[in-house]
Amino acid sequence: MKKWTVALLSAILVLGITACGNDKGATGTTTDNKPAATETQQKPAAAVPTAEELITKTVEAGKTSKNFAMEGTIKQNITVGEGDQKQEQKVDISLKSEITKDPMHLYQEMKMSLAGQEQNMKQYIAKEGMFVEVEGAWVKLPKEAEAELLAQVQGQISPEQQFEAFRAAAKDMKVAEEGDQYVMNAELSGDGMKEMVKKVMSQSASGKDPQTLAMIEQMNIKSVKLSFAVNKETFLPTKSDMVMDLTMEEGGQKMSLLMDMKSTFSKHNEIGEIKVPQEVIDSAKQQ
C-alpha cells in the first residue's frame with residue numbers, strides 16, 4: 001500500500017501543480033477606435049475565447065509571470081485488493097506555497113493525513129539553500145540533493161512549456177464566462193488523457209523516472225474532470241479543480257484511486273524576495 005501511495009503522490013503532485021499553476025501573468029487588454037460608451041451606446045462585450053485561444057493566451061501570460069501564491073487541497077481514496085482481500089486508505093493533503101520563478105525560490109507549508117497519522121512540513125528553497133522542517137526540527141539538505149529537487153520544482157512552474165500539453169485536449173474543453181472569469185471545463189478519459197499526463201510530466205525530472213513512467217503506462221484512467229478559471233482582463237489564474245478516477249494492476253494487485261484536488265491562486269507578481277530566516281539557518285542540522 002505504501003508503494004502505491006508514494007508513487008501516486010509523486011505523479012499526481014506533478015500533474016496537479018502543473019495543471020494548477022499554468023496560467024500566469026500578462027494582460028488581455030485590447031484597443032479599438034470605436035467611440036467611448038455613452039448612456040445610449042454600449043461597448044459590445046468581448047467574445048468568449050475558444051479553449052485553443054484561451055490556452056494560447058495563458059501560455060503567453062506565463063512568460064511574464066514572476067511570482068504567485070497558491071493554496072490547495074488534495075483528497076485521495078485509494079483501495080488496493082488482491083484476491084478477496086481489500087485495503088482502503090485515505091490521504092488528505094493541504095498546501096500553502098509562495099513561489100518566485102527567476103530566481104526559483106519557494107516557501108511551502110504542507111499538512112498530510114495518512115493512515116490516521118498527521119504530518120506537518122515546511123520547506124524553503126532559496127539562495128541560502130534548501131531547508132525542510134519535519135516534526136518541528138529543521139534540516140538543511142545536502143548540495144547533491146538540491147540539484148535533483150530544484151530540477152523537479154523548476155519543471156513544475158514552467159507554464160509556457162507545460163500548458164501546451166493541454167492543447168491536445170482543446171477540442172474537448174469548453175469555455176464559459178462567469179462574472180470576471182473565464183472558466184474552462186473538460187471531462188476526459190482513456191489513452192488520450194494518459195498521453196497528456198505523460199507530456200505534462202515529461203517537463204519535470206520526476207516525469208523521466210522509469211518507475212513513474214511505468215506506473216503511468218499501467219493506469220486505466222476512467223475519467224478526469226478539469227476546471228480552470230482565469231481573470232478575464234489579466235488571464236491570471238484564480239482557481240483550478242481536478243477530479244480523477246483511475247485503476248491500476250501490478251503483480252496481481254488491483255488498485256483504484258479517486259482523487260479530488262482544488263487550488264486557488266493569489267498575489268500574482270506581488271511576492272517579494274523569499275529568504276530563509278536566520279533562526280532557521282542557525283538551528284538546522286546538516287543532513
Side-chain angles (χ1 to χ4, degrees), residues 1-23 51 55 70-81 86-95 97 110-114 152 155-156 159 162-174 183-204 206-207 209 211-229 237 239-250 253-265:
M1 172 68 82
K2 186 176 181 180
K3 174 184 175 183
W4 290 107
T5 303
V6 172
L8 281 167
L9 280 174
S10 174
I12 290 168
L13 284 175
V14 171
L15 174 62
I17 294 174
T18 297
C20 300
N22 303 320
D23 1 356
I55 290 171
M70 177 180 70
E71 294 189 23
T73 60
I74 304 172
K75 295 182 180 295
Q76 300 180 49
N77 192 340
I78 303 171
T79 302
V80 177
K86 290 185 179 181
Q87 185 179 1
E88 185 174 333
Q89 189 171 83
K90 293 184 178 181
V91 184
D92 290 338
I93 300 171
S94 63
L95 295 165
S97 304
M110 183 180 78
K111 295 181 179 181
M112 181 171 68
S113 175
L114 173 64
Q152 292 184 18
Q156 293 167 11
Q162 295 175 333
F163 204 62
E164 283 287 352
F166 293 96
R167 199 180 294 276
K171 66 182 188 326
D172 298 314
M173 295 181 173
K174 297 181 180 180
V183 181
M184 185 167 63
N185 297 291
E187 293 190 25
L188 309 170
S189 63
D191 292 338
M193 183 62 197
K194 185 187 296 185
E195 287 303 311
M196 190 174 74
V197 172
K198 288 168 65 176
K199 287 181 181 180
V200 170
M201 294 188 66
S202 69
Q203 303 297 333
S204 72
S206 62
D209 176 70
Q211 182 180 2
T212 303
L213 290 173
M215 183 195 66
I216 296 174
E217 289 296 338
Q218 296 168 26
M219 287 181 178
N220 172 27
I221 300 178
K222 298 169 67 175
S223 67
V224 177
K225 294 181 180 180
L226 302 172
S227 179
F228 303 105
K239 66 177 181 178
S240 172
D241 298 339
M242 178 169 66
V243 179
M244 178 184 291
D245 186 1
L246 63 83
T247 60
M248 293 173 58
E249 186 171 354
E250 181 183 35
Q253 280 192 332
K254 295 182 180 180
M255 187 278 299
S256 65
L257 166 71
L258 182 61
M259 188 272 295
D260 187 349
M261 178 159 48
K262 301 181 185 300
S263 301
T264 59
F265 303 89

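Numbers here simply count residues along the sequence, with the first being 1.
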Problem set entry | Minimum side-chain heavy-atom gap Met173-Leu226 below 4.5 Å | yes
Exercise. In Å, rounded to the nearest 0.5 Å, how long is the span from CE of Met261 to CD1 of Ile93?
Worked result: 9.5 Å
Exercise. With Lys225, which residues qualify under side-chain contact (heavy atoms from CB on, under 4.5 Å), at least two apart?
Worked result: Glu187, Val243
Exercise. Can you name the nearest heavy-atom pair linking Gln76 to Asp92, along with the distance?
Worked result: N-OD1, 4.4 Å
Problem set entry | Distance-minimising heavy-atom pair for Ala170 and Ala51 | O-CB, 3.6 Å
For this session: Tell me, with the steps shown, if Glu249 and Asn220 meet side-chain contact (heavy atoms from CB on, under 4.5 Å).
Result: CA-CA 9 Å; Glu249 186 171 354; Asn220 172 27; over 6 Å; no
Problem set entry | Residue of the set Asn77, Ile78, Ile74, Asp245 for which side chain to side chain contact (heavy atoms under 4.5 Å, CB included) holds with Met259 | Ile74
Seminar exercise, completed: dist Gln89:CD -> Leu114:CG (nearest 0.5 Å) comes out at 4.5 Å
For this session: Look up atom OG in Ser240 and atom CE in Met70, then write down how far apart they are to the nearest 0.5 Å.
Result: 9.5 Å
For this session: Could you check Leu246 against Met255 for side-chain contact (heavy atoms from CB on, under 4.5 Å), going step by step and ending with a plain yes or no?
Result: CA-CA 8 Å; Leu246 63 83; Met255 187 278 299; 3.9 Å; yes
Problem set entry | Residues that Asp260 engages under salt bridge (Lys or Arg N to Asp or Glu O under 4.0 Å), provided they are two or more places apart | Lys262
Exercise. Roughly how far, to the nearest 0.5 Å, is the OG1 atom of Thr264 from the CG atom of Asp241?
Worked result: 9.5 Å
For this session: Rounded to the nearest 0.5 Å, what's the gap from OG on Ser97 to CD on Glu71? Could you check?
Result: 9.0 Å
Seminar exercise, completed: One should read off an interatomic distance between Ser94 OG and Lys75 NZ, to the nearest 0.5 angstrom, of 9.0 Å
